[in-house]
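Contents: one structure, followed by commentary.
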Number of protein chains: 2
Amino acid sequence: MEQKIFQEFLGERGLKLTKERAAVLREVFSFHGHFEPEHLYFRIRGSGSKASRASVYRTLSLLVESGLVEKVTRTDRGNVYEHTYGHRHHDHMICDACGGIIEFYSEKLESLQAEICEQNSFSGSSHTLEIRGRCETCQGKGLEDR
Amino acid sequence: MEQKIFQEFLGERGLKLTKERAAVLREVFSFHGHFEPEHLYFRIRGSGSKASRASVYRTLSLLVESGLVEKVTRTDRGNVYEHTYGHRHHDHMICDACGGIIEFYSEKLESLQAEICEQNSFSGSSHTLEIRGRCETCQGKGLEDR
DNA sequence: CATTCAATTGAAACTTAATCTCAATTTCAG
DNA sequence: CTGAAATTGAGATTAAGTTTCAATTGAATG
């Protein structure tokens with residue numbers, strides 16, 4: 001299904017669904033969760049398929065443009081992505097101690113975005129709310145920030 | 001005033017308020033708005049003071065730790081900061097067309113953060129809400145995303 | 001004032017993610 | 001098939017940010 005969508009997206013731009021792009025797409029959708037480009041690159045190598053680092057990055061950009069994948073956040077070490085097709089929009093809480101990412105969804109937040117945009121004559125298309133702090137297991141342990 | 005706070009912060013750690021650190025501090029608080037480290041570095045050079053790139057980055061980290069400065073967002077080209085002392089917390093809307101940043105504050109959002117954290121047993125210390133879209137002047141102009 | 005020693009600095013080397021280059025290869029419409 | 005256009009990968013490049021380390025500074029002490 002996601003392949004069909006991606007193929008259509010590529011078609012509209014006169015681009016082709018090559019082996020490499022298909023490999024990246026397959027790998028991205030082979031699991032649920034967050035990933036970094038480098039991590040993805042190694043997963044692909046380890047899965048029999050092949051695609052250079054350059055192709056991984058290039059395809060990732062296309063996937064984001066197509067709406068199948070989203071950039072979750074930027075860390076000091078690079079970007080974190082997740083596939084969004086088939087998943088409802090959600091936001092994230094990030095633990096400063098262990099780096100863990102917790103997903104949450106809030107209907108109130110969605111309507112609040114609309115309200116805030118209206119007040120500022122802004123035409124909002126998306127938002128990212130990132131809450132930082134300590135997750136349940138890291139609380140009260142005196143751990144350093146990462 | 002901010003110098004006093006910074007000095008106290010440094011004192012607690014056995015660090016000194018050197019010429020270079022003072023220059024960075026002064027420059028950061030000499031204007032209101034967002035800035036990038038590189039930009040700050042050149043402002044300092046142009047203002048008679050001096051501080052190496054390394055010192056600028058090092059001091060910026062200290063300022064963030066002291067709470068006087070906050071990292072606003074990460075762009076593809078680096079981090080964006082702003083001084084927060086004397087300013088109430090706020091969030092940002094970023095125009096995809098012109099890159100402009102609009103600040104806003106929402107009481108509802110603040111209480112919503114508390115509510116969401118509670119629901120997830122997360123101990124939240126801060127949040128960043130970034131709304132992306134088109135600002136008033138860029139709407140309906142068919143401009144490309146940056 | 002001299003001494004001392006940890007803190008600090010700056011220039012340059014380094015790191016790392018990400019992008020770009022370009023010759024070689026693949027794809028596909030005709 | 002054939003040729004134009006798209007694509008690829010290896011490696012070079014870029015740029016933000018960090019680290020290294022020898023030289024300098026400066027506060028405290030004798």
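- Among pairs with a residue in residues 109-119 of chain A, those fulfilling side chain to side chain donor-acceptor pair (under 3.5 Å) read A:His89-A:Glu110, A:Gln113-A:His127, A:Glu115-B:Lys108, at least two apart in sequence or across chains.
- Distance, B:Phe42 CZ to D:dA15 C1': 13 Å, rounded to whole Å.
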What string of B, S and - do you get for nucleotides 15-30 of chain C, 5' to 3', if B is base contact, S is sugar-phosphate-only contact and - is no contact with any protein heavy atom under 4.0 Å?
--SSBBB-----B---
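- The aromatic rings of B:His87 and B:His83 sit tilted, their planes meeting at an angle between 30° and 60°.
- Remark: B:Arg132 fails to qualify as a cation-pi partner of A:Phe122 under the 6.0 Å distance and 45° angle criteria applied to the six-membered ring.
- Taking atom OH of residue B:Tyr41 and atom P of nucleotide C:dA11, one finds them 7 Å apart after rounding to whole Å.
- Look at NZ on B:Lys50: it is 12 Å from P on D:dT24, rounded to the nearest Å.
- The side-chain heavy atoms of A:Phe29 and A:Leu68, taken from C-beta on, include a pair separated by under 4.5 Å.
- A sub-4.0 Å separation between OP1 or OP2 of C:dT9 and a side-chain N or O of B:Arg21 is present.
- The distance from the NZ atom of A:Lys71 to the OG1 atom of A:Thr84 is 13.5 Å, given to the nearest 0.5 Å.
- Side-chain proximity of A:Ser52 to D:dT7, D:dG9, C:dT8: nearest is D:dG9.
- Judged by closest nucleotide on DNA chain C, B:Gly14 is the one of B:Arg45 and B:Gly14 placed further toward the 5' end.
- A cation-pi geometry, defined here as NZ or CZ lying under 6.0 Å from the six-membered ring centre and within 45° of its normal, does not hold between A:Arg43 and A:Phe35.
- Atom CG of A:Leu10 and atom C1' of D:dA6 are 12 Å apart (whole Å).
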